[in-house]
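We count residues from 1, following the sequence as given. Worth saying up front: this structure is predicted, and the values here are computed from it rather than measured.
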Amino acid sequence: WEVLSDCEDSMLTAQDGLDPLQDGSLTFTVTAKELGIYRRVIYLSQNGTLSTNILDYGYTCNISPEAAQKIIDYANTHGEESEEIAYENTVAGVVVECGADYLLLDDTSICVNPKDGQTYRVDAGSLRIQRNLLCGEVKVGDIVVVSYEGEITEDHEIRDAYDMHKGYLMDGGVAVPE
């Protein structure tokens, strides 16, 4: 933060969403309970570009290569690699069947190796999921991302799904428009 406080003349270069920097040399998350910030991301490149979603929207600015290098050096000296923790449990795939209280979701089309694909039975007890199904927002053939709590059973059943959004294939994964 001390280094960034000296960068008040930095130029904002984009505010159209968060995009990981291609030449990023440092990526980390920030949590500040006092500010209501939980696991927001900062991408920092050696050329002095900083991109973050700390303020609920993606912003990119140029802080200078020197300032970026100071932060990178500090992180390399004092930082510790953290364990990867899922922000939210999700499963994505194509809806292959819809019932009154469930849907079947096949992730084969997004797997690097289609043999690794799996069909999940998602209980549709959540009001949000029910609305998507009943109002025709989601139907067979749509790509969706389902958020859930708990664990997936051995029979590939998701019992505690609480949200669902339509998505689209992008760069080998599924993106959800915001």
Once side chain to side chain contact (heavy atoms under 4.5 Å, CB included) is applied, do any residues pair with [X], and if so which ones, sequence neighbours excluded?
{"X": "Y74", "answer": "H78"}
{"X": "N62", "answer": "T13, T49"}
{"X": "T153", "answer": "D155, E157, R159"}
{"X": "I152", "answer": "Y120, Y148, I158"}

Any idea which heavy atoms bring [X] and [Y] closest together, and the distance?
{"X": "A161", "Y": "V122", "value": "CB-CG1, 3.6 Å"}
{"X": "G117", "Y": "T108", "value": "CA-OG1, 3.5 Å"}
{"X": "S45", "Y": "A68", "value": "O-CB, 3.3 Å"}
{"X": "G150", "Y": "N89", "value": "O-ND2, 3.7 Å"}

| remark: For D160, the salt bridge (charged side-chain N to carboxylate O under 4.0 Å, His left out) test, sequence neighbours excluded, returns none
| field | CD1 on I72 to OG1 on T77, rounded to 0.5 Å | value | 11.5 Å
| request: State the CG-CD1 distance between L50 and I71, to the nearest 0.5 angstrom. | output: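 Rounded to the nearest 0.5 Å, the CG-CD1 separation comes to 6.5 Å.
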| field | Residues clustering with L104 (ILVMFWY side chains joined when closer than 4.5 Å, directly or via others) | value | V96, Y102
Any side-chain heavy-atom pair of [X] and [Y] under 4.5 Å:
{"X": "L44", "Y": "I63", "result": "yes"}
{"X": "Q69", "Y": "Q46", "result": "yes"}
{"X": "L103", "Y": "M164", "result": "yes"}

| said: Using only atom types and a distance under 3.5 Å, with no angle test, would you say the side chain of T119 pairs donor to acceptor with the backbone of L105? | reply: no
| L169/V174 under side-chain contact (heavy atoms from CB on, under 4.5 Å): CA gap, chis, key distance, verdict | CA-CA 5 Å; L169 292 177; V174 176; 4.1 Å; yes
Could you go through residues 124-131 and list every donor-acceptor pair under 3.5 Å that involves a side-chain atom there, pairing it with any protein atom two or more places apart or in another chain?
| residue | atom | partner | partner atom | Å |
| --- | --- | --- | --- | --- |
| S126 | OG | R128 | N | 3.3 |
| S126 | OG | Y162 | O | 3.1 |
| R128 | NH1 | D163 | OD2 | 3.1 |
| Q130 | NE2 | A100 | O | 3.4 |
| Q130 | NE2 | A124 | O | 2.4 |

| request: Could you name each residue pair satisfying salt bridge (charged side-chain N to carboxylate O under 4.0 Å, His left out) that touches residues 102-118, not counting sequence neighbours? | output: none
| note | With sequence neighbours left out, the residues meeting ring pair (Phe, Tyr, Trp, His ring centres under 6.0 Å) with F28 are none
| query | Taking only residues two or more places apart in sequence or in another chain, which ones pass side chain to side chain donor-acceptor pair (under 3.5 Å) with E149? | reply | none
Donor-acceptor pairs under 3.5 Å, side chain of residues 134-145 to any protein atom, not counting sequence neighbours: which ones?
| residue | atom | partner | partner atom | Å |
| --- | --- | --- | --- | --- |
| D142 | OD2 | K139 | N | 2.8 |

